[in-house]
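Numbering starts at 1 and runs along the sequence shown.
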Amino acid sequence: MSDFSEELVRPTTEDEQGEPRVPSGTGMCLPWLQKHIETIATGGKQEKDFAQTTSACLSRIQEALLKHQWQRAAGYMHSYFQILEDSDSNKRQIAPEISLQHALYLLHHGMLEDANRNLSQAETWRYGEKSSSQEVLINLIQAYKGLLQYYIWSKKKMELSQLDEDDYAYNTASQNMLNHSWKTSINLCALIQIPGVWDPFVKSYVEMLEFYGDQDGAREVLTNYAYDEKFPSNPNAHIYLYNFLKREKAPREKLISVLKILYQIVPSHKLMLEFHRLLRKSENEEHHKLGLEVLFGVLDFAGCTKNITAWKYLAKYLRQTLMGSHLAWVQEEWNSRKNWWPSFHFSYFRAKSDWKEDKALACEKALVAGLLLGKGCRYFRNISKQDHQVLKKKIKQMKKSVKKYSIVNPGL
């Protein structure tokens with residue numbers, strides 16, 4: 001099973017006390033859809049003139065679904081649909097919303113066949129004149145059918161991987177997979193062309209395209225998802241495109257161009273250290289300068305303060321940059337940080353804490369502190385005076401580097 005399908009699945013939780021339990025099994029975890037449904041089902045407008053009984057029934061269905069009270073919700077739903085049969089088109093148009101909520105409950109609890117039937121019914125609900133927002137809801141229902149079919153496809157792919165290619169069963173399993181991928185493609189393709197954030201649908205579609213060797217199709221989908229201006233800014237779109245291009249062994253310049261956009265959106269993302277390595281290997285001097293900026297940018301964030309890899313890269317690259325006579329690059333980055341980095345990263349308290357928790361991290365930070373603030377920096381002084389047999393040589397080299405390359409009184 002792929003990483004994506006593993007993300008979709010988690011064990012069933014217990015129902016509310018006093019309610020009959022849903023049969024045990026594994027379901028698809030779809031946590032983010034509820035808010036989206038609420039905004040598009042009626043175009044953000046309150047339904048007017050609903051009969052009092054209809055409103056009460058709808059409210060109780062939603063309440064029961066949220067509480068996982070399955071039998072109670074089913075009873076209310078039956079009554080609600082009967083009322084809809086005798087209501088005007090405005091009342092009937094909200095039925096797909098309820099069907100989708102119902103299907104999500106079934107998916108979550110592993111009742112895949114029931115969910116598929118429910119989605120099929122919601123997809124063909126055709127009362128009244130549909131608004132554009134309701135059209136999106138229908139597309140979303142179709143896409144969830146596709147996601148369910150993808151889930152089945154991924155299970156069949158796992159089964160196929162365990163068969164011998166010469167086995168008769170292999171051809172049958174392969175054909176079944178192809179049938180499911182065709183159905184999935186039809187259901188997902190329409191949705192991912194609508195501006196929005198459709199990460200799980202895009203990942204599923206691309207995985208199948210790649211599996212069947214349609215690299216051009218996969219690249220087109222991911223490129224449009226990342227660069228089409230009609231779509232909202234989405235870091236994941238650039239991550240998916242980068243990972244695809246990396247699998248394709250795309251040229252370094254192409255990888256850099258994708259990560260450069262991700263850097264502008266999320267400068268602290270874990271891929272920024274990989275971005276730095278690509279920039280460092282480039283023959284373009286502007287890329288070398290950007291490589292220094294990227295490391296400073298990562299360490300601007302509190303969540304990265306103990307990232308030893310980032311500090312190790314910065315310590316090494318700072319030294320190389322200063323050895324290469326690019327003092328101006330370092331000063332440009334440091335000038336915007338010199339008023340807050342010392343207390344943020346290089347206080348006496350930080351030095352004691354870092355040395356106690358991670359001595360290797362403390363040594364990397366001490367070299368950076370000494371190069372930027374000079375040998376008088378409290379962080380550098382505290383670490384450099386430590387007596388540690390294993391790190392004795394490293395501390396000695398650190399002192400020499402600071403004496404020779406520090407941007408404070410260089411050469412003294």
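Salt-bridge formation is detected for the pair Asp354/Lys365: a Lys NZ or Arg NE/NH1/NH2 atom is positioned less than 4.0 Å from an Asp or Glu carboxylate oxygen. Between Glu253 and Lys260 no salt bridge is recorded (no basic side-chain N to carboxylate O distance below 4.0 Å). Salt bridge Glu364/Lys394: present, at least one basic N to carboxylate O contact under 4.0 Å. Note on Arg219 versus Glu210: no salt bridge recorded, every NZ/NE/NH1/NH2 to OD/OE distance being 4.0 Å or above. A salt bridge is absent between Lys203 and Glu207: the closest approach of a Lys/Arg side-chain nitrogen to an acidic carboxylate oxygen does not fall below 4.0 angstrom.
Here Leu147 contributes atom CG and Ser204 contributes atom OG; the two are 4.5 Å apart, rounded to the nearest 0.5 Å. In this structure, the separation between CD on Gln193 and CG on Asp228 is 10.0 Å, given to the nearest 0.5 Å. The OG atom of Ser336 sits 9.0 Å away from atom CD of Glu293, with the distance rounded to the nearest 0.5 Å.
Looking at His388, its side chain does come within 3.5 Å of a backbone N or O of Leu391 through a donor-acceptor pair. Asn224 places a side-chain N or O within 3.5 Å of a backbone atom of Glu220 that can act as its donor or acceptor partner. Judged by distance alone, with hydrogens and angles left aside, the side-chain atoms of Ser282 form no donor-acceptor pair with the main-chain N or O of His287 at under 3.5 Å. Judged by distance alone, the side chain of His276 and the main-chain N or O of Gly291 form a donor-acceptor pair under 3.5 Å. Put simply, the side chain of Trp355 never gets that close to the backbone of Ala360: no donor and acceptor are under 3.5 Å apart. Proximity of a side-chain donor or acceptor of Tyr405 to a complementary backbone N or O of Lys400 within less than 3.5 Å is not detected. Using a distance-only test at 3.5 Å, with no hydrogens or angles considered, a donor-acceptor pair links the side chain of Ser384 to the main chain of Arg381.
Here the two rings, on Tyr150 and Phe201, have centers that are 6.0 Å apart or farther. Residues Trp198 and Tyr225 keep their aromatic ring centres 6.0 Å or farther apart. Between Phe296 and Trp341, the ring centre distance stays below 6.0 Å. His345 has its ring centre no less than 6.0 Å from the ring centre of Tyr379.
Between Leu209 and Gln215 the shortest side-chain heavy-atom distance does not fall below 4.5 Å. Proximity of Lys289 to His326: side-chain heavy atoms (C-beta onward) are nowhere separated by under 4.5 Å. Looking at Phe380 and Leu373, their side chains never come closer than 4.5 Å, going by heavy atoms from C-beta outward. Side-chain contact between His238 and Tyr242: absent, with no pair of heavy atoms (C-beta onward) separated by less than 4.5 Å. Residues Lys403 and Lys375 are not in side-chain contact: their nearest non-hydrogen atoms beyond the backbone lie 4.5 Å or more apart. Proximity of Leu292 to Leu279: side-chain heavy atoms (C-beta onward) are nowhere separated by under 4.5 Å.
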Are Lys246 and Glu274 close enough, and set up right, to give a salt bridge (charged side-chain N to carboxylate O under 4.0 Å, His left out), and what steps lead you there? CA-CA 12 Å; Lys246 188 178 177 182; Glu274 194 165 324; 2.7 Å; yes
I'd like to know whether Leu259 forms a side-chain contact (heavy atoms from CB on, under 4.5 Å) with Leu271, so could you lay out the CA-CA distance, the side-chain angles of the two residues, the decisive distance to 0.1 Å, and finally the verdict. CA-CA 8 Å; Leu259 288 183; Leu271 278 175; 4.1 Å; yes
Test Met323 against Lys404 for side-chain contact (heavy atoms from CB on, under 4.5 Å), laying out the working first. CA-CA 9 Å; Met323 287 174 63; Lys404 190 171 183 180; over 6 Å; no
Apply salt bridge (charged side-chain N to carboxylate O under 4.0 Å, His left out) to Arg337 and Asp300, showing your working. CA-CA 9 Å; Arg337 296 173 171 87; Asp300 280 342; 2.9 Å; yes
Before giving the answer on side-chain contact (heavy atoms from CB on, under 4.5 Å), spell out for Val197 and Asp199 the whole-Å C-alpha distance, their side-chain angles and the decisive distance to 0.1 Å. CA-CA 6 Å; Val197 178; Asp199 291 350; 3.8 Å; yes
Please walk me through it: do Val330 and Leu372 pass side-chain contact (heavy atoms from CB on, under 4.5 Å)? CA-CA 9 Å; Val330 178; Leu372 295 174; 3.9 Å; yes
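Residues Tyr313 and Arg280 bring no donor and acceptor atom of their side chains to less than 3.5 Å of each other.
More than 12 non-hydrogen atoms from other residues, nucleotides or ligands lie less than 6.0 angstrom from CZ of Phe344. Within 6.0 Å of NZ in Lys352 there are 12 or fewer heavy atoms belonging to other residues, nucleotides or ligands. Under a cut-off of 6.0 angstrom, the local environment of CD in Glu286 is sparse, with at most 12 non-hydrogen atoms contributed by other residues, nucleotides or ligands. Atom NZ of Lys359 is surrounded by more than 12 heavy atoms from other residues, nucleotides or ligands within 6.0 Å. Other residues, nucleotides and ligands place no more than 12 heavy atoms under 6.0 Å from the CG atom of Asp387.
Scanning all heavy atoms of the two residues, the minimum distance from Cys304 to Leu299 falls at O-CD2, 3.4 Å.
If you run side-chain contact (heavy atoms from CB on, under 4.5 Å) between Trp311 and each of Val298, Leu295, Leu367, Leu361, only Leu361 comes through.
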